Amino acid sequence: MPREGLKKSERITNRFEYKEVIREGRLIDRGAYKAFLLIRPDLDSSAGFIAGKAVGKAAKRNRARRVLREAYRRLKVRLEPGGFKVVFVAKQDAARLKSTEIRLDMEELFERYGLLRKHDPC
RNA sequence: GGAGUAGGCUAGGUUGUCGCGCACAGGUCAUCCUGUGUGAGGAAAGUCCGAGCUCCAUAGGGCAGGGUGCUGGGUAACACCCAGUGGGAGUGAUCCCAAGGAAAGUGCCACAGAAAGCAGACCGCCAGCUCUGCUGGUAAGGGUGAAAGGGUGAGGUAAGAGCUCACCAUUGCCUUCGGCGACGAAGGCAGAUCGGCAAACCCCACCUGGAGCAAGACCAAAUAGGGGAACAGAAGUGGCCCGCUUCGCCAGGAUUCCCGGGUUAGGUCGCUUGAGGUGCGGGGUAACUCGCAUCCCAGAUUAAUGACACCGCCGGUGGCGGGUUUGCGGACGACACGCCAUUGGUACAGAACUCGGCUUAUUGCCUGCUCCGGGU
RNA sequence: GGCGCCAUCGUCUAGGGGUUAGGAUAGGUGGUUCUCAGCCAUCAGACCGGGGUUCGAAUCCCCGUGGCGCUA
């Protein structure tokens, strides 16, 4: 049974990892957020979340980061277990939207790059 | 009912599902899994003040610089708080005030106006003369200005003026009374009545060394070749974290001994038990404080509190129900209330070493008081 | 997180208590030219917001807002 949790070990917490993904990954603009996607077969999949000053003050930044993380967590079960790293950068709209809306948008994103599993286990 | 004013409380809820940080216990003993407990604020914010704590030397003297400025009290401390005094705003409840000194000195008071700081003669008024004017006297009147050297009345005079007198206002001094005090009250004396600005320089009193947890201590890896201790220590030099100076402290060259030290992605400590909360009792008008009991209540570091559902709460729209509304009855309309459906909203905002304040942002409600309008 | 600095026409700036806030560029209008540039004339345009001190504040003081820099 696949877990729905998102531990610290499955997140990007290192400055160099962030720089690597942002430098070498592909930039995709999705309106409410931006995503840097780095696809390489040898990688364990992991995700990072950034909310800069442009989003707002501390409360809005926290909200935006949580919404992105929740959306990714819900979606993670249906993604390939390895082969990519992704960094989500929140924009101003992210704090206003619901996590379910973001998840639908993310699903479309991952499907386009072939990271969504063909056979849904659920 | 409306408007206002002061104070206080609150910061949606829970269970279910999924998820996160930390602590403890157990299983596995890299990892990871399970269970239990616990997990943001009144402003956590702005960083405007005050402290603790850490390092620089234990933080010294003088100057400069900076800060504070009615009185008494509270406090670890404050520019904060409480109680008062004086002044100001408002019909009032109530609120506001950096509120010492202008006879220590310097400076400034634009424009306008005759004159603006040892006052002053443009018009006017009065007197004189060599009479289309000039000279002298005069601050009662006009006009200017933010501000023109008290007000009213009488006497007085050439015309006038605290020039003189009475009363009133103000200021200073003295005495008595009340108050710890700021100050207040009463009486007397002095024609005294020659401004304002010190958030202009300044004077007086008091306070003030600097930097800040990215302080500071340690570990590991990589890199480069030095680093530390002891002895000695006159002068000179450098440092001691805004400046100057004095005093003081530390360091250097050589020798001897020892092997660790510096920097930087990273990690550990600092890191949460504290001027702590709650309850009861005492002291005090109050701020606050004393005693006893009891509790442990976030510690992250790409940074933990979220998502979904349901129920609340508030507003809009629609429907239904009973009720109120002119002397009576009825219809319509309006009004508030209850129920149901639907739709939207449910603030400001997120601990980062820790406290005490201030300021700003903001949700819902309660209580006291004041003014205005209406009814009985 | 901590510490510090700044704010004046669209832009860059002067002014540090006193007439209508000055200048340079950019802009509008008119002239010169066959036309444009340039030149000449002329016009419009600002003290970040709110309180306080003062007779009077862009200037002095306090509170806020926005922007920028330093620090491992």
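Fair warning: this is a prediction, and the values are worked out from it, not measured in the lab. To find a chain, count down the sequence lines: A is the first, B the second, and so on, and within it residues start at 1.
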Nearest-Å distance for atom pair CG/P, residues A:Leu104 and B:C308: 12 Å

Chi class for B:C297: syn within 90° of 0, otherwise anti: syn

Rounded distance in Å between the C1' positions of B:A110 and C:C55: 11 Å

Base partner of B:A351, which must satisfy Watson-Crick or wobble distances under 3.5 Å: none

Chi angles and distances behind the side chain to side chain contact (heavy atoms under 4.5 Å, CB included) call for A:Phe88, A:Met106: CA-CA 10 Å; A:Phe88 298 100; A:Met106 264 187 200; 3.7 Å; yes

Pairwise P distance, B:A192 and B:A139 [rounded to whole Å]: 16 Å

Glycosidic class, syn or anti, of B:G162 using a 90° window around 0: syn

Separation of atom CZ in A:Arg103 from atom P in B:G306, rounded to whole Å: 19 Å

Who pairs with B:U130 - Watson-Crick or G-U, where each distance is under 3.5 Å: none

Aromatic plane relationship, A:Tyr72 with A:Phe110 - under 30° parallel, 30 to 60° tilted, over 60° perpendicular: tilted

Most 5' of A:Ala59 and A:Phe49 on RNA chain B, judged by nearest nucleotide: A:Phe49

Watson-Crick/G-U partner (both atom distances under 3.5 Å) of B:U272: none

Whole-angstrom distance between B:U135 and B:G151, as gauged at atom C1': 36 Å

Side chain of A:Ile50 (C-beta onward), nearest among B:U302, B:G350, B:A307: B:U302

Heavy-atom side-chain contact between A:Val86 and A:Val21 under 4.5 Å: no

Members of residues 60-72 of chain A that approach RNA chain B, where some heavy atom sits under 4.0 Å away: A:Asn62, A:Arg63, A:Arg65, A:Arg66, A:Arg69, A:Glu70

Nearest-angstrom distance, P atom, B:G345 to B:A307: 15 Å

Nearest-angstrom distance, P atom, B:U278 to B:G356: 11 Å

Whole-Å C1' distance, B:U38 and C:U71: 36 Å

Glycosidic class, syn or anti, of B:G42 using a 90° window around 0: syn

Pairing of A:Lys34 and A:Asp29 as salt bridge, 4.0 angstrom limit: no

Derivation and outcome, side chain to side chain contact (heavy atoms under 4.5 Å, CB included), residues A:Arg40 and A:Glu24: CA-CA 11 Å; A:Arg40 219 160 58 192; A:Glu24 297 179 16; 3.6 Å; yes

Working for side chain to side chain contact (heavy atoms under 4.5 Å, CB included), residues A:Leu104 and A:Glu107: CA-CA 5 Å; A:Leu104 289 174; A:Glu107 198 174 335; 4.2 Å; yes

Separation of atom CD1 in A:Ile22 from atom C1' in B:U302, rounded to whole Å: 10 Å

For B:C308, the Watson-Crick or wobble counterpart (both distances under 3.5 Å): B:G16

Residue A:Thr100, side-chain heavy atoms: nucleotide from B:G350, B:C308, B:G306 that is nearest: B:C308

Protein-nucleotide distance (A:Ile102, atom CD1; B:G306, atom P), rounded to Å: 17 Å

Nucleotide forming a Watson-Crick or wobble pair with B:U164, both distances under 3.5 Å: B:A154

Over 12 non-hydrogen atoms of neighbours within 6.0 angstrom of NZ in A:Lys60: no

Pair assignment for B:G323, Watson-Crick or G-U wobble, requiring both distances under 3.5 Å: B:C335

Anti/syn call for B:A169, syn if |chi| within 90°: anti

Rounded distance in Å - CD (A:Glu101) to P (B:G306): 19 Å

Complementary nucleotide for C:G38 - Watson-Crick or wobble, under 3.5 Å: C:U32

Opposite nucleotide pairing with B:G21, Watson-Crick or G-U, both atom distances under 3.5 Å: B:U38

Rounded P spacing from B:A275 to B:U289 in Å: 13 Å

Where the chi angle of B:U272 falls, syn if within 90° of 0 and anti if not: syn

A:Glu70 bridged to A:Arg66 by N-O distance under 4.0 Å: no

Side chain to side chain contact (heavy atoms under 4.5 Å, CB included) assessment of A:Leu38 paired with A:Phe84: CA-CA 6 Å; A:Leu38 179 62; A:Phe84 68 94; over 6 Å; no

B:G196 to B:G117 separation - P atoms, rounded to the nearest Å: 15 Å

Length of the NZ-P vector between A:Lys76 and B:G19, whole Å: 10 Å

